[in-house]
Amino acid sequence: MDAPQRPDAISSFAADLHIGNSLSRKKEPFEPISAPYVGMYVCGPTVYSNVHLGNVRTFLTFDIVYRYLIHLGYKVRYVRNITDVGHLTGDSDDGEDKIGKKARLENIEPMEIVQRYTNDFHDVMRIFNILPPSIEPTATGHIVEQIDMISKIIENGYGYEANGSVYFNVRKFAESHDYGALSGRRIDELQSQTRALDGQDEKRDPIDFALWKKADESHLMRWPSPWSVGFPGWHLECSVMSTKYLGQSFDIHGGGMDLKFPHHECEIAQNVGANGKADPVRYWIHGNMLTVNGRKMSKSEGNGFTPDELITGNHKLLEKGYSPMTVRFFMLQGHYAGTLDFSNPALQAAEKGLERLMTSWRLLEKLKPVAEGGSADPAPDVDAIIARAYAAMNDDFNTPILIAVLYDAVKVVNSVAAGRMALDEKGISTLHHLFDRFAKDILGLQHEDVGDGGDDRTDGLMEVLCTLRAEAKSNQDWATADLIRNRLAEMGVNIKDGKDGASWTFD
RNA sequence: GGUCUGGUGGCCGAGUGGCUAGGCUCAGCUCUGCAAAAGCUGCUACAGCGGUUCGAAUCCGCUCCAGACCUCCA
């Protein structure tokens, strides 16, 4: 897994980068707080089960952001947390800690759960060629800092203790701050929307959220604090770890659309409530959901695929298996801010489209420049293609447009290979640059064939076979020519007859 | 009910005032011993209704439809 090549200085193209900011709901020019450094925080997974493709889409979105910022020359510190405590089951069952519950069900240590699914998460990230972040902190590794932040929030008057638990006083905070600015919610509406208080509730107001929860001995994961033995609230870890590693104000905060409320709204309140600094995050980026037959992919719907099911095709909703690169490409053909529907025809279209792109990319390696002094007519304008590639990425990371631009390059490569167009040395090297930087570094596309082809010996063997076949063809010995072609095809080697002899590709 | 997204051709999916994606599919053609690949051409749409404008898929209003979110032991 290769990180993008980072230039020594910030690219001149960086000045045109615009980011769709979910806080302002506008596309804004990207101006880092202290260039060349960029701080980016993304909410990572809660490691109590296998990740599914919907999760993958979110992390892929920020992989593209990360890769492009690096490509532009920024020194990015990318922090993506692992939630290993505090995320409660929010639905109708019991509101237990998700990890604690799983540990109890399987009768093992919570940390075994955490380790197992963290490993799984990393494996999945790897097969989709998603780069690891600079720092991957865990909630349990930052209990001390979380307690410290709670204390600050209480000191500042925005938190209160009730029976050993601590809550954030939303109404108090909203007196002087715009709670709801990110999600567009108003606290009066929230108030009326919230389910009725039951008499046991320790919260002063139903819209308050927990910073610390007291826990009895049946809880597997609990820590001492000034208020009680218990555990931190889910929203707290992200505030704590982003502040610790990126500062009280930082550039980019990302996550899935479904985290906008309450999670991110609460994060802002906590950061501001503890640090007193308004606007802790400059640019909020939210990746949209992956749907299946129009429904959000989720475990409870039974419409989530694990990577294994995806690759083998062993799932009732899959007609066949698809490679991770196919899925990566498929996801990048849609913009991150829109929903994307996962379907078999769409996947098959992506598979074929990717194959055409990759075949052309391989063909580029063998392209010969037009001879010195020879005319390159008609000569395609490859510099314009590069400019359009940057324009696409600068427009809020518009990968679908970038892919469309790459297909223009595909057309050029194929035309040159077929002798219909000509390129000089410089033109060819520009195309190399386009594919290496945009397809490989930024989109993270890579050839999936492993081990076969590419080395000198294979090339030599192929040359011999092609020469023999060319000889057979010139003798009109079609039987021999077809035998060579067919036997190679059985092995996954495809011969293509062009104007200047045959070329070959591997499946 | 509230908040937020969206509704684009056979399918997927860009595009936010005039030029205008791209991929896949289908049909025809070129090339070709045949095939594959590649290239060319065609099929060419913006949920509905009204408004603004010289001009709207794009802006405004309304309607219809779809999805997400609405929080801690509800």
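Order of the sequence lines sets the chain letters (A, B, ...), proteins ahead of strands, with each chain counted from 1.
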Would you measure the distance from the P atom in B:C72 across to the matching atom in B:C4 and give it in whole Å? 22 Å
Shortest side-chain distance from A:D482, nucleotide among B:G33, B:C24, B:C72: B:G33
Provide the Watson-Crick or G-U wobble partner of B:G1, both distances under 3.5 Å; none if there is no partner. B:C70
Can we say A:E351 and A:K320 salt-bridge, meaning some charged N sits less than 4.0 Å from an Asp/Glu carboxylate O? yes
In whole Å, what separates the C1' atom of B:U44 from that of B:G2? 40 Å
Can you check the distance between B:G15 and B:A45, where both ends of the measurement are the C1' atom (answer in whole Å)? 13 Å
Rounded interatomic separation in angstrom, taking CG from A:L340 and P from B:U5: 19 Å
Please give the distance between the P atoms of B:G18 and B:C43 as a whole number of Å. 23 Å
Is it true that A:Q348 and A:Y322 share a donor-acceptor pair across their side chains at a distance under 3.5 Å? yes
What is the distance, to the nearest angstrom, from the CD atom on A:E265 to the P atom on B:A68? 21 Å
Could you say whether A:K411 or A:K473 is positioned toward the 5' end of RNA chain B, judged by the nucleotide with the nearest heavy atom to each? A:K473
Which base sits across from B:C64 as a Watson-Crick or G-U pair, both distances under 3.5 Å? B:G7
Closer than 4.0 angstrom, basic N to acidic O: yes or no for A:R222 and A:D216? no
Mind calculating the distance between CE (A:M289) and P (B:C4) to the nearest angstrom? 17 Å
Decide yes or no, distance alone: a donor-acceptor N/O pair under 3.5 angstrom between the base of B:C72 and the side-chain of A:H235. yes
Residues that A:H177 engages under side-chain contact (heavy atoms from CB on, under 4.5 Å), provided they are two or more places apart: A:Y158, A:F173, A:V272
B:C12 P sits how many Å from A:F342 CZ, rounded? 14 Å
OP1, OP2 of B:U3 versus side-chain N and O of A:K260: anything below 4.0 Å? no
Between B:A35 and A:R485, counting only base atoms on the nucleotide and side-chain atoms on the residue, is there a donor-acceptor pair under 3.5 Å? yes
For the C1' atoms, the ones on B:U71 and on B:U8, what distance do you get once it is rounded to whole angstrom? 36 Å
Rounding to a whole Å, what distance do you find between A:W478:CH2 and B:A36:P? 16 Å
Assign A:G334 to base, sugar-phosphate, or nothing according to its heavy-atom contacts below 4.0 angstrom with the strands shown. sugar-phosphate
B:C62 and B:U52: how far apart are their C1' atoms, nearest whole angstrom? 15 Å
Just call it for A:D341: base, sugar-phosphate, or nothing, with non-hydrogen atoms closer than 4.0 Å on any strand. sugar-phosphate
Could you please name the partner base of B:C46, counting Watson-Crick and G-U wobble pairs only when both distances are under 3.5 Å? none
May I have the distance from A:F209 (atom CZ) to B:C73 (atom P), rounded to whole angstrom? 15 Å
Short N-O contact, A:D208 and A:R204, less than 4.0 angstrom: no
Does A:R437 come within less than 4.0 Å of A:D441, counting only side-chain N to carboxylate O? yes
Just the rounded figure in Å: distance from P of B:U71 to CG of A:D258. 14 Å
Quick check on the 6.0 Å ring-centre criterion: do A:Y390 and A:F438 meet it? yes
Rounded to the Å, how far apart are A:M331 CE and B:G22 P? 25 Å
Taking the six-membered ring for Trp, are A:H235 and A:H264 closer than 6.0 Å centroid to centroid? no
Which nucleotide, B:U5, B:G33, B:C12, lies nearest any side-chain atom of A:R469? B:G33
For B:U5, does OP1 or OP2 lie under 4.0 Å from any side-chain N or O of A:N288? no
Any A:K296 side-chain N or O less than 4.0 Å from OP1/OP2 of B:C69: yes
Both A:A346 and A:A349 contact RNA chain B. Taking the nearest nucleotide for each, which residue is further toward the 5' end? A:A346
Within the structure shown, what part of the strands sits under 4.0 Å from A:R356 by heavy-atom distance: base, sugar-phosphate, or nothing? sugar-phosphate
Hydrogens and angles aside, do A:K203 and A:Y160 bring a side-chain donor and acceptor to less than 3.5 Å of each other? no
Tell me the partner of B:U30, counting only Watson-Crick (N1-N3 plus N6-O4 or O6-N4) or G-U wobble (N1-O2 and O6-N3) with both under 3.5 Å; none if nothing fits. B:A38
Pick from A:E145, A:E267, A:Q270: which one makes a side chain to side chain donor-acceptor pair (under 3.5 Å) with A:S239? A:Q270
Who is the Watson-Crick or G-U wobble partner of B:G18, with both distances under 3.5 Å? B:C54
For nucleotides B:C24 and B:A37, find the distance between their P atoms and express it as a whole number of Å. 11 Å
Contact check, residues 388-407 of chain A vs RNA chain B, heavy-atom distance under 4.0 Å, returns A:N398, A:P400, A:I401, A:A404, A:Y407
The nucleotide from B:A35, B:G23, B:U71 with an atom nearest the side chain of A:I207 is B:U71
Taking the same atom, C1', in B:C49 and in B:G10, what whole-Å distance lies between them? 27 Å
For a quick check of understanding: with a heavy-atom distance under 4.0 Å over all strands, which category does A:H335 fall into, base, sugar-phosphate or nothing? sugar-phosphate
